[in-house]
Number of protein chains: 2
Amino acid sequence: MKNAIRELRQAKGWSQADLALRLDVSRQTVNALERGRYDPSLPLAFRLAGLFALPIEQIFQPERGD
Amino acid sequence: MKNAIRELRQAKGWSQADLALRLDVSRQTVNALERGRYDPSLPLAFRLAGLFALPIEQIFQPERGD
DNA sequence: CGACAATGTCAAGTAAGCTTTACAATCCGC
DNA sequence: GCGGATTGTAAAGCTTACTTGACATTGTCG
């Protein structure tokens with residue numbers, strides 16, 4: 001699962017810690033998501049979508065075979 | 001997190017086992033999702049959206065406070 | 001009623017998502 | 001080059017998302 005979190009975050013001029021605060025997760029979680037270490041839970045995906053005012057499908061793209 | 005899985009599944013005339021097969025998860029997982037015992041992973045949410053040809057936001061609705 | 005499909009549920013196990021703490025590496029402005 | 005902010009990473013631990021296997025309950029239809 002690919003995602004555009006880093007790009008969206010940087011477009012807002014936020015640090016990972018800033019984003020973490022707004023999402024109510026740890027900074028390490030934001031870092032792990034951006035680096036693709038794992039996928040967010042569905043509720044967290046919704047929070048991201050809400051924050052960036054984008055549909056989930058526009059932030060996350062299932063990789064082929066998924 | 002509320003979801004419309006049961007309604008969508010029944011509209012297709014599928015049993016929980018049928019849907020489980022198509023999603024590549026166990027029947028118990030489909031049952032648990034329909035009964036709201038937990039939320040699906042993001043990849044599984046994408047598979048559901050693909051199957052029913054609907055955006056994720058139309059299948060899942062974050063409850064107030066989420 | 002009896003059989004069989006569909007659904008609900010429990011227990012025990014594994015894997016994934018997330019936390020805290022802590023420290024190393026990088027980047028930048030002074 | 002130093003200091004502070006940002007990012008990367010690791011370990012240990014907890015919770016949630018799944019699994020298989022088994023069994024109880026609830027249809028429904030001859």
Side-chain angles (χ1 to χ4, degrees):
Chain A
M1 193 76 115
K2 277 190 105 32
N3 72 70
I5 300 178
R6 172 157 304 183
E7 293 75 8
L8 293 168
R9 171 179 65 80
Q10 288 174 339
K12 295 274 194 181
W14 296 337
S15 69
Q16 292 182 347
D18 289 335
L19 178 54
L21 259 179
R22 292 174 205 261
L23 290 173
D24 194 37
V25 295
S26 70
R27 176 183 71 79
Q28 287 82 342
T29 293
V30 168
N31 186 71
L33 293 176
E34 288 191 357
R35 313 205 73 248
R37 298 179 55 32
Y38 50 73
D39 297 321
S41 66
L42 189 56
L44 181 48
F46 266 91
R47 274 181 266 154
L48 278 156
L51 240 191
F52 292 122
L54 288 174
I56 289 182
E57 285 85 351
Q58 218 163 318
I59 303 181
F60 301 94
Q61 296 137 23
E63 332 212 14
R64 279 201 56 77
D66 215 15
Chain B
M1 193 76 109
K2 273 189 115 19
N3 72 69
I5 299 177
R6 173 156 305 183
E7 293 75 7
L8 293 167
R9 172 179 65 80
Q10 288 174 339
K12 295 274 195 182
W14 295 337
S15 68
Q16 293 182 346
D18 289 337
L19 178 54
L21 259 178
R22 292 174 205 261
L23 291 172
D24 195 35
V25 294
S26 70
R27 176 184 71 80
Q28 287 86 338
T29 292
V30 169
N31 186 71
L33 293 177
E34 288 191 356
R35 314 205 76 246
R37 291 163 80 25
Y38 49 73
D39 297 321
S41 66
L42 189 56
L44 181 48
F46 265 91
R47 275 180 266 153
L48 277 155
L51 240 190
F52 293 121
L54 288 174
I56 288 181
E57 286 84 352
Q58 217 164 318
I59 303 181
F60 300 93
Q61 297 141 17
E63 335 212 11
R64 294 288 154 263
D66 212 17

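Side chains are part of it too, since the values below use all heavy atoms of this structure and drop only hydrogens, waters and symmetry mates.
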Which residues share a side chain to side chain donor-acceptor pair (under 3.5 Å) with Asn31(B), sequence neighbours left out: Gln16(B)
Annotated protein contacts, base or backbone, on nucleotides 15-30 of chain D with a non-hydrogen cut-off under 4.0 Å, one of B, S, - each: --SBBBBB--------
Selection: residues 3-19 of chain A, any non-hydrogen atom under 4.0 Å of DNA chain C: none
Partner residues of Arg6(B) under the salt bridge (charged side-chain N to carboxylate O under 4.0 Å, His left out) criterion, sequence neighbours left out: Glu34(B)
The helix from dC1(C)-dG30(D) to dC30(C)-dG1(D): angle between end helix axes, five pairs per end, rounded to 10 degrees: 40°
Contacts of Leu54(B) that satisfy side chain to side chain contact (heavy atoms under 4.5 Å, CB included) - sequence neighbours left out: Leu8(B), Phe52(B), Gln58(B), Ile59(B)
Contact check, side chains of Trp14(B) and Leu51(B), non-hydrogen atoms, under 4.5 Å: yes
With sequence neighbours excluded, residues passing salt bridge (charged side-chain N to carboxylate O under 4.0 Å, His left out) with Arg47(B): none
Residues which pass side chain to side chain contact (heavy atoms under 4.5 Å, CB included) with Ser41(A), listed by chain and number, not counting sequence neighbours: Pro43(A), Leu44(A)
Arg35(A): partners by salt bridge (charged side-chain N to carboxylate O under 4.0 Å, His left out), with sequence neighbours left out: none
Asn31(A) vs dG8(D): side-chain N/O to OP1/OP2 distance below 4.0 Å: yes
Salt bridge (Lys or Arg N to Asp or Glu O under 4.0 Å) partners of residues 16-28 of chain B, not counting sequence neighbours, each pair once: none
Contact check, side chains of Ile5(A) and Leu19(A), non-hydrogen atoms, under 4.5 Å: yes
Side chain to side chain contact (heavy atoms under 4.5 Å, CB included) involving Glu57(A) - partner list, sequence neighbours excluded: Pro55(A), Phe46(B), Pro55(B), Ile56(B), Glu57(B)
